Protein chains: 4
Amino acid sequence: MGSFKGHALPGSFFLVAGIWWTGKYSLWHATRRNKSIGSTRLAGRSLQRRLEIIENSVVLFFSLVGMLAEQFLADGPKLQLYNFAEKHWEDLMNWQHATMYLFFGLAATVSLVLHSTEAAPLALDRLMLAVAFFNEGFLFLYHLHGRSMLDVHVHQLLLYAVFGQAIAAFLEVFHRGNIILELLRCTLTILQGSWFWEIGFVLYPPSGPEWDLTDHSNMMFVTMCYSWHLAFAMLVVGVLYCTVSCVVRSRLKRTPPMEMGLLKTTERDAESEDDVL
Amino acid sequence: MGSFKGHALPGSFFLVAGIWWTGKYSLWHATRRNKSIGSTRLAGRSLQRRLEIIENSVVLFFSLVGMLAEQFLADGPKLQLYNFAEKHWEDLMNWQHATMYLFFGLAATVSLVLHSTEAAPLALDRLMLAVAFFNEGFLFLYHLHGRSMLDVHVHQLLLYAVFGQAIAAFLEVFHRGNIILELLRCTLTILQGSWFWEIGFVLYPPSGPEWDLTDHSNMMFVTMCYSWHLAFAMLVVGVLYCTVSCVVRSRLKRTPPMEMGLLKTTERDAESEDDVL
Amino acid sequence: MGSFKGHALPGSFFLVAGIWWTGKYSLWHATRRNKSIGSTRLAGRSLQRRLEIIENSVVLFFSLVGMLAEQFLADGPKLQLYNFAEKHWEDLMNWQHATMYLFFGLAATVSLVLHSTEAAPLALDRLMLAVAFFNEGFLFLYHLHGRSMLDVHVHQLLLYAVFGQAIAAFLEVFHRGNIILELLRCTLTILQGSWFWEIGFVLYPPSGPEWDLTDHSNMMFVTMCYSWHLAFAMLVVGVLYCTVSCVVRSRLKRTPPMEMGLLKTTERDAESEDDVL
Amino acid sequence: MGSFKGHALPGSFFLVAGIWWTGKYSLWHATRRNKSIGSTRLAGRSLQRRLEIIENSVVLFFSLVGMLAEQFLADGPKLQLYNFAEKHWEDLMNWQHATMYLFFGLAATVSLVLHSTEAAPLALDRLMLAVAFFNEGFLFLYHLHGRSMLDVHVHQLLLYAVFGQAIAAFLEVFHRGNIILELLRCTLTILQGSWFWEIGFVLYPPSGPEWDLTDHSNMMFVTMCYSWHLAFAMLVVGVLYCTVSCVVRSRLKRTPPMEMGLLKTTERDAESEDDVL
C-alpha cells in the first residue's frame, strides 16, 4: 500500500463516512429537538432503522471488497501466510490491512444484527466501532519500525485521530445520542480521511519534488498542518450541521400543522430509536 | 514457569473463566429482559447467589492449589525467600506467580463474604477483581528485564488484555450490570487465555523449528496475530451470547403462562441481585 | 516570540481570562444558590447571555489581532508560507502561534453563535474550548526539539496546565455548571498565565544575570516554583470566590423582599442559562 | 531527609491517616445503612461536622510543624532560598518537602472553612485533597534525577499509590459518599505509609548489611514486595471495616427501640452531611 493511491483510497472512504455520519446525526438531532411540531414525520423510527441497515450493508460490502483486494490484487499474498521455500512471512502489510478491514466488517455485521433483530442492547454497535478503531490504531502503532523520521511522524499524528475516534465511540456506549460526542467523532473521522490524503501527498508526491524526510522544519510544518486539517474538519462538520438544521426547520414550517396532528397519533411511540434505550 | 505447560495452564484457566462468565452474564441478562414473561423462574436471586458462591469457591480452591504448586513442586522455593548461603533471592519467578494467585484468591474470598453475608456493597467484588488484574499486569510489567525482543513483545501484548480487564472491572463498580461492559471483560479474559497458549507456542514450540526471537517480521506477524485472537474471542462471546439468549427464550415459550403466575407471587421481590443495588 | 515580551503578553491575557472567569462563575454560582431570596435580579438569563456575547466578542477580537500581529509585524512571514528562493519554511514559529490563536478564535465564534441563536446544545462551547487548549498543548509538544534542558523543562511544565484545562473543559461537557470543575479550570488558566511570565523571567531575564540552562539544580528549583505558582493561583481563585459570594449575599440583604416578589414573577422562567439544559 | 527517620516519619503519618479514615468512613457507612433502626444517634450530622473540624485542625497543625521543622531544624535552609555567596540553591530537598506540606495544609484549611461555614460545595475538599496528592507525586517525579537504580525504582513504586490516591479523590468529587472509592483511597494511603517504612529499610537499613542498589534481582524482589504491602493494606482496611460494622450493629441491638423513636424526631433532618449534597 506504499503508494499515493494506497493512502488516497482509505482517505476518501473516511471522508465520505465522516460527511455521511455528520448528516445523519444532524438530521436525528434536529428531528428530536423539533419533535413537538411533528418533525418525526421526517425521520421516524422505521426510517432510522432502514438507514442503519443500508449504511452497515455498504460498510460490510466495502470491507469484504477491501479484504479480497488486499489478498488477490497484483502484489497480494493470495491467502498464503508463510513462504516455506524462502522462509519469510508473505506480504505482512497486506495481511495487516486486511485485518483492519476485518474489524470494520465485524462491527458492521454486529450493527446489522442489532438493528434488525433487537438481540442485544443497541450500545453494542458503538463498542464494536470503538474496538475497530482501536485495532486500526494498534496495528499502525507497531507498523512504523525502521522508517524515516517524517514517515513515522505523519503516521503518529494519524493515531491522534484514530484513538480519539475509539475513545469518543467508547464514551458513546454510556452517553448514547449525545450530539456533542457524535459530532466530535464525525470531526475526527473527516480529519483521519483528509490526513490520509495529506500523507499520500507528503510521502508519494504525485508531482513536484520529493520531501526531505529527515528535515526537522518539515516535521514542524507537518505538525501545524495537522491543526489546519482539524480546523478544516470542524468547519465542514459545522457547515453541514447548520445546513441540515435549517432545512429541517424550513420544511416543518411549510407543512400545515393540521396534517401533522393526524400523523402524530400513528407515530407517537415510534420515534427516535435512541429514545427507547 | 518458563515452559510450554507453564503458559498453557493459566491460559486454559482464563479460557474456561471467560467462557463461564460469558454464559453466566448472558443468562442473567436474558433473564432480566424477559422478566415480564416470568423468566425469573430460570434464574432467581437465590440461584444467582448460589452460583456466585460456587464460582468463587472454585477460584479460591485453584488459587490455593496454584500457590502451593509454585512453592512445593520440583523447582519451587519451598517457602524459602532468601538463600543466605549463596546470598541471592530464591526462585523469584515462583514467588511472583504465587503473589498473582494470592490476589485472585483474595478477590474470591471477598466475593464469597459479600454474597453470603451482605456485609458490604456488592460492587466491592468488581473492585477486588480490578485490583487482582491490575496486580497481575503490574508484576508482568517489571518481569521482562533483559529478555529477547520477541519475548518482551508477546508479554507486552498480554498487558493490553490484562489492563483492559482491570479497567473494565473498575468501570463496572460504577455501571454494575451493564451487559456491554461485562461482555467486554469476558472477551478480554478469553483473549488473555488464548494468548497465553500463543506465547507457549511461540517461545517454547512443542514441535517444529524454534522462532527467531530477534527477527522484526516475526514481531509484526505476532502483533497481527493478537488482532486475530481478539476477533476469535469476540466470535466465541458472540456465539455463546446468542445461544444462551435463544435457549432462554425458547424454554420460556414452552412452559404455559398459568404456572408462571403462581410462581411469580413468591418470587416477586427475589429476582436479580443486581437490581437491588 | 523568543523574547520576554513574547511570553509576558500571552501570560497577561491568560491571567485576565482566569480572573474574569473566576468572577463570572462565582457570580453565577452565588446567584443560583440564593435563588430563593430573589437573587436572579442580579444575574438573570438575559444578562448572562449578554455577558457571554461580550466576552466572546472580546476573545474573537484579540484572536484576530494576534493572528494579524504574528503575520505582519516586524519579523512576521507576511502570509508567505514557503520561501521558494531559499527553499525553507518561512517563520514557522509565527505560523504556529497564529494557528493557536485561530483555534481560540474558532471557539469564540462558535460560542457567539450558540449564545445568540440556540442553534446547538450549549455544551458545544466547552468542547470547542477543550479543542482549543488541546491544540495549544499539541503544538507546544512538538515545539521543543533541540532546545536546552531547562528551556524544554519549563515548556513541559506549561503543558500540565494546558492539558489540565483541556481535560477540565471536556469534563464540563458532561457536568456543565459544576462549580468545582469551573474553579479548577480558572485555577489552571491563572497558573498558565503566571507561568508564562515565569518562563519570560527564566529564559529572557530583563535584568540580572542569565540562568544556567543546563544546571540540574535550576531544574529542580523551577519544578518547585511551579507548585508555588499553583498555590498562588488557588489563593487568587479562593479570595475572588469568597469576595463575590459575600458581596452577593450582602447586597441581597439590603434590598427589601417586597420588591423582589414583584420582580420574581417576570423573571421566574428566565433564570440561569445552565438550568435549562 | 535522606535518612531512615526521614522516611519513617511521613510513613507513620500516612499509616495513622489511612487507619483513621478507614474507621471514619466505615462508621459513616454503617450509620447510613442502619438509619432505619435509628443509628443516627451514633453519628449525627453535628458529630460528623465536629469530627471533620478536629481532623482538619490536626492535619493543619502537623503541616505547619512539618514546614517549620524542614526550615529550622539542624540542616534546614532557615527560609534562605538562594546562597548568593556560593551561587547555589540552598537545601532544595527541604524546600520541596515544605512545599508538599504546604499543599496538605491548604487542603486542610479549605476543608475547615467548608465544614464550618458552608461557603462552597463540600466536594471541594476532595478536589483539594486530589491536588495535594497530585502535587506530592509531581514533586517526587522530578526528584529522582541521578540516583541509583533501586533508589529510583522504590520511589517510582510510591508514585502508583500517590497518583492512585489523587485519582480516587478526584473521582470522589463526582461520586461523593461512595464507600468503595473511600475504602480504595484508605487502602492506598496505608500502602503509601507502609511503603515509606519499606523505603527506609531498603535505602538506610538500621541494622544488617546494606542492599546492593544496582542488582536487578533486588529490584524484582522489591516490586513483588510492593504487591505484598498492597495485600497487607487491603487486609487492614478489611478487618477494620468489618469490626466497625459489627460494633455499630451490636450497639444498635442493645438499645431499646423506644428511646430511638424519641431521638429520631429531633434528628430527622440532621443526619449524614453527604446526604444533603
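Computation of the quantities below employed the complete heavy-atom set of this structure, encompassing side-chain atoms and omitting hydrogens, waters and symmetry-equivalent molecules. All chains are named by letter (A, B, ...) in the order of the sequence lines, taking the proteins before the strands, and each is independently numbered beginning at 1. Given the structure is predicted, the values throughout are model-derived calculations rather than measurements.
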Completion exercise
Paired with Phe4(A), the ring pair (Phe, Tyr, Trp, His ring centres under 6.0 Å) test is passed by just one of Tyr204(A), Phe201(A), Phe196(A), namely Phe201(A)

Practice task
Go through the atoms of Val110(C) and report whether side chain, backbone, both or neither lie under 4.5 Å from a heavy atom of chain A.
Solution key: neither

Fill in the blank from the handout: Whatever's closer than 4.5 Å to a heavy atom in chain C on Asp215(A) counts as neither

Practice task
Could you have a look at Met220(A), Met234(A), His216(A) and say which one has the most heavy-atom pairs with chain C under 4.5 angstrom?
Solution key: His216(A)

Practice task
Look only at the side chain of Arg126(C) and the backbone of Phe170(C), and say whether a donor-acceptor pair between them is shorter than 3.5 Å.
Solution key: no

Practice task
Check each atom of Tyr82(C) against the heavy atoms of chain A and say whether the ones under 4.5 Å are side chain, backbone, both or neither.
Solution key: neither

Exercise for the section: Go through the atoms of Leu124(C) and report whether side chain, backbone, both or neither lie under 4.5 Å from a heavy atom of chain A. Expected result: both

Handout entry: Engaged part of Met128(C) at the chain A interface, taking heavy atoms whose separation is under 4.5 Å
Key = side chain

Handout entry: CZ/Phe61(C): more than 12 non-hydrogen atoms of other groups inside 6.0 Å
Key = no

Exercise for the section: Give, as side chain, backbone, both or neither, the part of Ile179(A) having an atom under 4.5 angstrom from any heavy atom of chain C. Expected result: side chain

Problem - Residue part contacting chain A, namely of Phe103(C), when any heavy atom lies under 4.5 Å - result: side chain

Practice task
Report the option among Leu183(A), Asn178(A), Leu181(A) that has the most heavy-atom pairs separated by less than 4.5 Å from atoms of chain C.
Solution key: Leu181(A)

Problem - Side-chain (Asn218(A)) to main-chain (Asp212(A)) donor-acceptor, under 3.5 angstrom - result: yes

Handout entry: Donor-acceptor side-chain pairing of Glu136(C) and Gln192(C) below 3.5 angstrom
Key = yes

Practice task
Determine yes or no for a side-chain-to-main-chain donor-acceptor pair under 3.5 angstrom, with Tyr101(C) supplying the side chain and Leu64(C) the backbone.
Solution key: no

Handout entry: Under 3.5 Å: donor-acceptor pair, side chain of Arg32(C), backbone of Gly177(C)
Key = yes

